[in-house]
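Encoded as structure tokens, the structure appears first; notes follow it.
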Amino acid sequence: MAVRAFRPEDRDALIALWTAGGLTVPWNDPVSDIALAMSRPNSTILVGTEDGRPVASVMVGYDGHRGWFYYLAVDAACRRRGHGRRMVEAAEAWLTEAGMPKAMLMVRDSNHAVLAFYERLGYARSDTIVMQKWLKTS
């Protein structure tokens, strides 16, 4: 699998990948998420390809203090081949290049398989509580 930067023609394939992987929710429009990530210098989307076809992705960015990544996805037919690990490594390298000292991510506490995946990669649960407030409701 090769990893490269997002291209506009990847959009529909990534949305399909994210939808199939259960990463999309009604309150987060993936089209808007892609547009916002690609419009800022502190974020990007990395795409894993096989034979030129997108089979994996990760959205990565930073807030000036720490890095974050989202939309880590691997096509179901390509799982268990190291693609998820490779995408995490690519996100970490991008954040390291940006000068970020740590990477953060959020996983629903009910998603035991994904928690175990990240733990195998050296991620640990934080004692921090994530809070939110919706600034835009439509």
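Values reported hereafter were calculated over all heavy atoms of this structure, with side chains retained and with hydrogens, waters and symmetry mates removed.
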For Arg4, the side chain to side chain donor-acceptor pair (under 3.5 Å) test, sequence neighbours excluded, returns Asp10
*Give a yes or no answer on whether the side chain of Ser57 reaches the backbone of Tyr71 with a donor-acceptor pair at less than 3.5 Å.*
yes
Notebook entry, point to check: Is the side chain of Asp51 donor-acceptor paired with the backbone N or O of Arg53 at a distance under 3.5 Å, no angle test?
Noted result: no
With a 4.5 Å heavy-atom cut-off, do Tyr70 and Met106 have their side chains touching?
yes
ask   = Run the side-chain contact (heavy atoms from CB on, under 4.5 Å) check on Thr44 and Met38 step by step: do they pass?
value = CA-CA 6 Å; Thr44 196; Met38 298 311 299; 4.0 Å; yes
Test item: Leu17 and Ile15 side chains (from C-beta on) under 4.5 Å apart, heavy atoms
no
| For the hydrophobic clusters of this structure (ILVMFWY residues joined by side-chain heavy atoms under 4.5 Å, transitively), does one cluster hold both Val114 and Val58? | yes
| Just wondering, do Glu89 and Val3 contact through their side chains at under 4.5 Å, heavy atoms? | no
Heavy-atom closest pair (Leu46 atom, Ala91 atom, distance to 0.1 Å) is CD1-N, 3.9 Å
### Query
Is there a path of hydrophobic side-chain contacts, each under 4.5 Å between heavy atoms of I, L, V, M, F, W or Y residues, that connects Trp134 with Val130?
no
Report, as yes or no, whether the 6.0 Å neighbourhood of atom CD on Glu9 holds more than 12 heavy atoms from other residues, nucleotides or ligands. yes
Exercise for the section: Examine distances only and state if a side-chain atom of Arg79 and a backbone atom of Val74 form a donor-acceptor pair shorter than 3.5 Å. Expected result: yes
| task | Could you check whether the rings of Phe69 and Tyr123 sit parallel, tilted or perpendicular, using 30° and 60° as the cut-offs? | result | perpendicular
Hydrophobic cluster membership, Met59 vs Trp27, 4.5 Å side-chain cutoff = no
Which of Asp63, Val60, Leu95 passes side-chain contact (heavy atoms from CB on, under 4.5 Å) with Trp68? It is Asp63
*I would like to know whether Phe6 and Arg11 meet side-chain contact (heavy atoms from CB on, under 4.5 Å); could you show each step before the answer?*
CA-CA 8 Å; Phe6 172 85; Arg11 189 189 79 172; 4.2 Å; yes
CZ (Arg85) and CG (Leu121) are apart, to the nearest 0.5 Å, by 4.5 Å
Side chains of Val88 and Leu72, heavy atoms from C-beta outward: is any pair under 4.5 Å? yes
Value for CE (Met1) from SG (Cys78), rounded to nearest 0.5 Å, stands at 9.0 Å
Practice task
Output, in order, the C-alpha distance, side-chain angles, deciding distance and verdict of side-chain contact (heavy atoms from CB on, under 4.5 Å) for Met100 and His65.
Solution key: CA-CA 7 Å; Met100 293 299 104; His65 180 70; over 6 Å; no
Original post:
Would a distance-only check, ignoring hydrogens and angles, find a side-chain to backbone donor-acceptor pair under 3.5 Å from Ser43 to Gly61?
Top reply: no
CG of Leu23 to CH2 of Trp18, rounded to nearest 0.5 Å, is 8.5 Å
Could you tell me whether Arg81 and Glu50 make a salt bridge, using a distance below 4.0 angstrom between a side-chain N and a carboxylate O?
-> yes
Heavy atoms of Leu36 and Ser39 approach each other most closely as O-OG, 2.9 Å
Checklist line | Side-chain touch Leu105/Tyr118, heavy atoms, less than 4.5 angstrom | finding: yes
All heavy atoms of Tyr62 vs all of Pro41, minimum pair found to be OH-O, 4.4 Å
inquiry  = Grouping I, L, V, M, F, W and Y whenever their side-chain heavy atoms are under 4.5 Å apart, do Trp94 and Leu14 come out in a common cluster?
reply    = no
dist Lys102:NZ -> Arg66:CZ (nearest 0.5 Å) comes out at 4.5 Å
